[in-house]
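Each remark here refers to the structure printed beneath this line.
It should be emphasised that the depicted structure is a prediction, and the values quoted were computed from it without experimental measurement. Count residues from 1 along the sequence. No hydrogens, no waters, no symmetry mates; every other heavy atom, side chains included, goes into these values. Each ligand, and each atom within it, is numbered from 1 in the order the structure gives.
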Amino acid sequence: MAVLVLKFGGTSVANPERIQQAAKKVKAEIDLGHKVVVVVSAMSGVTNQLVDYVRSITPSYDPSEYDVVVASGEQVTSGLMALALQQLDVKARSYQGWQLPFYSTDKHEKARIDEIDANVLNDCFAQGITPVVPGFQGVTRPTKEDRGRITTLGRGGSDTSAVALAAALKADRCDIYTDVNGIYTSDPRLVQKARKINRIAYEEMLELASLGSKVLQTRSVELAMNYKVPVQVLSTFDPALGSDLPGTFLVDEDIMMEKQMVTGLAHSRDEARITLTNVADKPGMLARIFGPLADANINVDMIVQAASDDGKTVDVTFTIPRSDIVKTTEALTANKADLGYNELQTSTDVVKISVVGVGMRSHAGVGQMMFKALAEKGINIQVVSTSEIKISVLIDESYTELALRTLHTVYGLDAA
Ligand code: ASP
Ligand code: MG
């Protein structure tokens with residue numbers, strides 16, 4: 001008998017029929033003798049709709065009222081899920097974030113979890129009750145002046161709710177039911193030979209999540225890694241049950257059996273490249289360039305500095321999120337006199353391709369394989385950045401698929 005947290009994402013609870021389907025999976029786990037906590041997202045599309053409602057009243061809204069509105073999608077599905085379970089003769093009831101309570105910081109829209117009182121849930125187990133908890137929502141601690149306010153954990157935050165509950169309960173497994181049947185070696189829409197990964201190290205998943213694989217919220221992976229929560233990602237449409245272990249498991253690096261060089265590839269189109277030409281080659285220039293960007297809260301990712309054509313100055317190239325391009329050019333233009341560059345060039349026709357694998361710690365030459373393979377296809381690499389378990393290159397966006405397929409083959413990831 002195990003303690004399980006079962007989390008159902010937006011597509012898994014998209015309508016009453018889907019909720020009834022999901023309830024059957026919950027019931028099947030209970031029938032196997034497991035103690036289950038259910039965590040639900042809002043019906044897919046609903047949170048976007050709620051955000052639009054808020055913005056249509058005012059674009060400069062009060063974030064605490066925003067949270068009241070957008071947290072409501074999960075309230076609806078938690079009640080519906082409890083009802084669907086009751087129809088299957090499961091003793092179920094919902095607990096909203098404030099009822100548990102699920103304490104968070106007061107940073108509305110992106111609150112962080114502070115502390116969860118799991119006692120209520122343990123009491124439920126003792127009484128044979130299956131609790132249903134809305135993901136995404138928290139509550140601030142009441143103070144003398146204030147009775148506490150509803151918060152939300154950032155978009156995609158119900159993954160984090162589920163993992164946090166699993167950590168608090170020391171659950172045996174946290175199953176995340178979603179619309180894909182696991183984590184893939186690359187995006188299957190672009191790489192036909194992509195394969196489902198059976199086991200992935202937390203740290204690899206963290207890289208993939210922050211590189212834009214939208215399957216899990218990045219914070220949920222951080223939390224899973226810190227508390228060593230056994231998380232499984234699996235499909236809600238697959239008839240297999242979580243306990244059949246059909247999905248992708250997040251595991252500790254040490255228990256990865258076959259340490260290949262590369263576990264998966266990621267790509268991100270959310271990149272823009274900026275080049276400042278003819279910057280003076282003297283100490284302190286990079287600090288002067290990136291200072292104003294940091295002040296404007298712009299996340300600079302890859303950076304390269306190279307000699308300019310004149311041989312006396314340097315060109316500084318870096319990447320930023322595409323949505324920050326206006327802010328970035330404004331900040332750099334405003335400081336042009338101080339920075340003394342010649343031209344400011346921007347490009348959005350770029351993609352960042354990354355190879356990720358804990359195997360890189362023990363294998364040399366991973367980068368070289370990548371550079372050679374891309375060169376053979378005539379793909380020019382504009383910028384490179386590396387971490388211990390990741391190598392990223394910035395290339396022309398039109399080569400996205402060619403680069404992914406080539407690297408997928410080179411690193412031996414192709415499905416047989
Ligand atoms: N409903 C929220 C969102 O769409 C939270 C979640 O589904 O994880 O962002
Ligand atoms: Mg999600």
Legend entry - Polar contact flag for Glu74 and ligand 1 (N/O pairs, less than 3.5 Å):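 Min N/O separation from ligand 1 is below 3.5 Å for Glu74.
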Inset, instruction - Would you check the N or O atoms of Gly154, main chain and side chain alike, for any that come under 3.5 Å of an N or O of ligand 1? - result: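 No, since none of the N or O atoms of Gly154 sits under 3.5 Å from an N or O of ligand 1.
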Inset, instruction - Please verify whether a non-hydrogen atom of Gly157 lies at under 4.0 Å from ligand 1. - result: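 A heavy atom of Gly157 does come that close to ligand 1.
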Inset, instruction - For Gly156 and ligand 1, answer yes if some heavy atom of the residue is under 4.0 Å from a ligand atom, otherwise no. - result: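 Yes.
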Legend entry - Nearest-contact summary for atom 6 (C) of ligand 1 - protein heavy atom, Å: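 That would be Ser158 OG, 3.0 Å.
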Inset, instruction - Describe, in one word, how the ring planes of Tyr66 and Tyr61 are oriented to each other, choosing from parallel (under 30°), tilted (30 to 60°) and perpendicular (over 60°). - result: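 Ring orientation, 0 to 90° scale: parallel.
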Under a 4.0 Å threshold between the charged nitrogen and the carboxylate oxygen, would [Y] count as salt-bridged to [X]?
| X | Y | answer |
| --- | --- | --- |
| Lys352 | Asp301 | yes |
| Arg149 | Glu65 | yes |
| Lys25 | Glu29 | no |
| Lys228 | Asp252 | yes |

Inset, instruction - Report, in ascending order of atom number, the atoms of ligand 1 lying under 4.0 Å from any heavy atom of Ser41. - result: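 This gives 6 (C), 7 (O), 8 (O) as the contact atoms.
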Legend entry - Distance filter under 4.0 Å to Arg155 heavy atoms, resulting ligand 1 atoms: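 With Arg155 as reference, the close atoms of ligand 1 come out as 3 (C), 4 (O), 9 (O).
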Inset, instruction - To the nearest 0.5 angstrom, please state how far the CZ atom of Arg273 sits from the CD1 atom of Ile325. - result: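 Rounded to the nearest 0.5 Å, the CZ-CD1 separation comes out at 10.0 Å.
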